[in-house]
2 protein chains.
Amino acid sequence: MTSNINCNTCIIKSSAAKALNSEQLNALGKNCVQIDFKKGDVIFKEGTFSVNITYLREGIVKLHTEGKTSQILKIAKGPRYLGIPTTIEEKINHYSATALEDCHICFIHTNIFKSFIEENKKFAYEIIVELCNSELELFQKCVSRTKNNVYGRLSHALLFFSEKIYETDNFNLPLSREELGNFINTTRESVSRVLAELDSKKVIQIKGRQLKILKPEALKELSVI
Amino acid sequence: MTSNINCNTCIIKSSAAKALNSEQLNALGKNCVQIDFKKGDVIFKEGTFSVNITYLREGIVKLHTEGKTSQILKIAKGPRYLGIPTTIEEKINHYSATALEDCHICFIHTNIFKSFIEENKKFAYEIIVELCNSELELFQKCVSRTKNNVYGRLSHALLFFSEKIYETDNFNLPLSREELGNFINTTRESVSRVLAELDSKKVIQIKGRQLKILKPEALKELSVI
DNA sequence: ATTAAAAAATGATACATATCACATATTATG
DNA sequence: CATAATATGTGATATGTATCATTTTTTAAT
């Protein structure tokens with residue numbers, strides 16, 4: 001579903017978008033289209049031509065590589081920009097984005113996005129801060145993936161969902177066992193086994209995708225970072 | 001060694017620094033100090049308080065975590081900014097930087113750096129582009145570390161040194177076997193073994209740190225990314 | 001040059017985790 | 001509701017790589 005939007009009245013703004021003035025928001029509305037995606041929909045695909053900056057207004061997406069050894073690089077929750085690195089200079093997407101929950105996404109013309117950077121100091125600064133945070137997050141993930149064993153990586157991922165995405169210790173996993181494996185770089189079998197063991201040790205309670213974290217401290221102990 | 005500098009006459013400028021006008025370069029010179037580091041010197045350390053943006057004018061550095069399971073996150077060659085993510089908003093360095101070759105480094109007051117972002121559109125834009133490239137690089141590395149086995153990761157690293165750092169297929173490795181292990185997430189023993197095997201198969205020729213790549217295509221085949 | 005210290009090479013073994021095979025749920029479809 | 005398709009669980013085995021132990025080489029210090 002596509003719809004015209006009024007960015008002036010939109011209340012779901014990233015800290016960068018909050019820096020835009022009324023005139024800029026009007027211009028944004030005219031150079032931007034909101035599309036609604038359903039769970040599982042592909043938002044953009046690795047290798048395709050990119051002409052927009054993608055703003056995830058609401059929802060949860062995964063950024064991932066393609067192929068049978070697909071790898072989930074990041075899981076992002078709105079409001080935030082997606083894939084600025086992959087779109088701003090080069091025209092080819094370096095990775096794909098797929099909706100894990102229903103999403104409202106705004107596709108913003110790269111040109112108007114660039115003009116805001118030029119016109120609006122605060123906006124430019126906030127984008128820089130966002131990119132910096134994104135890179136630090138990735139560093140963290142890099143370290144977690146390599147310093148932790150499968151137990152640690154899975155614990156880290158479960159805590160990430162609980163703390164950063166759902167903000168509760170009782171939620172439905174947004175990923176299948178196989179996708180979880182792609183996220184923490186292991187196989188679906190290992191994910192099953194470790195989840196079963198954490199369940200048997202009463203650290204978590206899992207049934208299908210329904211997860212309840214019983215002992216977050218125990219998960220924290222398992223992951224060094 | 002510390003010295004006052006004239007940024008106007010400096011010919012070693014990043015693409016962002018090239019966007020600064022004469023007045024800004026004068027101001028930069030007054031709010032910036034150049035320090036020369038020798039091979040092995042620590043430039044900044046994880047966990048310490050940070051008050052500057054670090055500009056690597058010339059030389060090669062490693063960005064790494066501390067501790068016995070130290071991990072090398074990135075190897076960078078000047079001219080480029082180092083660790084903007086770790087310094088711009090938060091005041092604590094999230095990782096360390098150590099010189100792998102003699103380096104000339106400019107420490108720039110964070111405030112003047114921020115003022116350039118505000119005053120100079122082109123500068124802000126170039127910083128954004130640099131951060132985007134940096135993140136893409138990290139994505140690449142994340143994928144390489146997890147999709148490749150030790151052979152692939154080491155091949156990838158050797159090609160990286162050859163293509164991105166030294167721009168020749170005949171150079172001295174900037175890292176010990178142990179550091180190479182920290183860079184590609186393996187042990188020094190595994191690095192030794194794989195180097196020995198690549199040598200015996202005449203893909204490379206290695207003696208101590210002296211490396212000559214004989215068959216770059218063979219290395220490319222070993223690493224999927 | 002001689003000795004000490006550090007780095008690298010190499011063999012033997014251990015172990016975490018991938019792979020394979022198959023059973024059992026769970027979800028989709030006519 | 002039945003049947004197929006897909007996802008998940010679990011045991012047995014294989015394998016890449018870490019770990020440990022020891023030797024050899026290189027580098028640094030006196």
Side-chain angles (χ1 to χ4, degrees), chain A residues 38-41 62 67-72 98 100 144-158 172-201 203-211 222-224, chain B residues 38-40 62 67-72 98 100 144-158 172-201 203-212 222-224:
Chain A
K38 285 193 297 268
K39 193 171 172 167
D41 287 350
K62 60 171 179 174
K68 81 169 164 36
T69 51
S70 161
Q71 187 169 144
I72 298 177
T98 303
L100 292 177
S144 161
R145 279 203 189 173
T146 49
K147 281 204 182 181
N148 287 319
N149 60 15
V150 175
Y151 280 79
R153 301 204 296 278
L154 188 57
S155 301
H156 190 248
L158 298 182
N172 282 333
L173 283 170
L175 303 177
S176 69
R177 302 294 189 265
E178 177 139 33
E179 287 175 311
L180 265 175
N182 294 338
F183 188 42
I184 63 164
N185 291 298
T186 187
T187 57
R188 56 174 189 83
E189 293 96 330
S190 291
V191 170
S192 286
R193 271 185 259 268
V194 173
L195 285 175
E197 182 155 346
L198 290 175
D199 183 285
S200 83
K201 286 186 174 163
V203 173
I204 62 172
Q205 204 173 290
I206 185 135
K207 186 155 187 304
R209 291 199 178 195
Q210 287 169 47
L211 177 75
L222 281 169
S223 83
V224 296
Chain B
K38 284 193 297 268
K39 194 172 169 165
K62 59 171 179 175
K68 82 167 161 39
T69 52
S70 162
Q71 186 169 145
I72 298 178
T98 303
L100 292 178
S144 161
R145 278 203 188 173
T146 50
K147 282 203 180 181
N148 287 319
N149 61 13
V150 175
Y151 281 79
R153 301 204 296 276
L154 189 56
S155 300
H156 190 248
L158 298 182
N172 283 332
L173 283 170
L175 303 177
S176 68
R177 302 295 189 265
E178 176 138 33
E179 287 175 311
L180 265 175
N182 295 338
F183 187 41
I184 62 163
N185 291 300
T186 187
T187 57
R188 56 183 182 78
E189 293 95 330
S190 292
V191 170
S192 286
R193 271 185 259 266
V194 173
L195 285 176
E197 182 155 348
L198 291 175
D199 183 284
S200 83
K201 288 187 175 163
V203 173
I204 62 173
Q205 205 172 291
I206 185 135
K207 185 156 188 303
R209 291 200 180 194
Q210 287 169 48
L211 177 76
K212 192 171 184 177
L222 282 169
S223 83
V224 295

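Every chain is numbered from 1, with letters handed out A, B, ... down the list of sequences. Every value quoted in this text rests on a predicted model; they were computed, and no experiment measured them.
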Can you check the Leu173(B) CG to dA7(C) C1' distance for me, whole Å? 14 Å
Whole-Å distance between dA9(C) P and Leu180(B) CG? 10 Å
Within this structure, what is the CD1-CG distance for the pair Ile72(B) and Leu175(B), rounded to the nearest 0.5 Å? 5.0 Å
Write down the distance between CG (Leu175(B)) and P (dA8(C)), rounded to a whole number of angstrom. 10 Å
Separation of dA25(C) P from Lys207(A) NZ (nearest whole Å): 11 Å
For the pair made of CG in Leu154(A) and C1' in dT17(C), what is the distance, rounded to whole Å? 14 Å
What is the minimum heavy-atom distance between Ser190(B) and Val150(B), and which atoms define it? CB-CG1, 4.4 Å
For Glu197(B) and Arg193(B), run salt bridge (Lys or Arg N to Asp or Glu O under 4.0 Å): C-alpha distance rounded to whole Å, both residues' side-chain angles, the deciding distance at 0.1 Å, then the answer. CA-CA 6 Å; Glu197(B) 182 155 348; Arg193(B) 271 185 259 266; over 6 Å; no
Those residues of residues 185-196 of chain A lying under 4.0 Å from DNA chain C by at least one heavy atom: Asn185(A), Thr186(A), Thr187(A), Glu189(A), Ser190(A), Arg193(A)
Taken to the nearest whole Å, CD/Glu179(A) to C1'/dT8(D) is 14 Å
Say you draw a straight line from CG of Asn149(A) to OG of Ser155(A); how long is it, rounded to the nearest 0.5 Å? 8.5 Å
Nucleotide of dT17(C), dT8(D), dT17(D) approaching Asn149(A) most closely (side-chain heavy atoms): dT17(C)
Find the distance Glu178(A):CD to dA18(C):P and express it as a whole number of Å. 13 Å
What is the distance, to the nearest angstrom, from the CZ atom on Arg177(A) to the P atom on dT10(D)? 11 Å
Just how far is it from atom CG of Leu158(B) to atom CG of Leu173(B), taken to the nearest 0.5 Å? 6.5 Å
Once rounded to the nearest 0.5 Å, what's the spacing between atom CD1 of Ile184(A) and atom CG of Leu154(A)? 4.5 Å
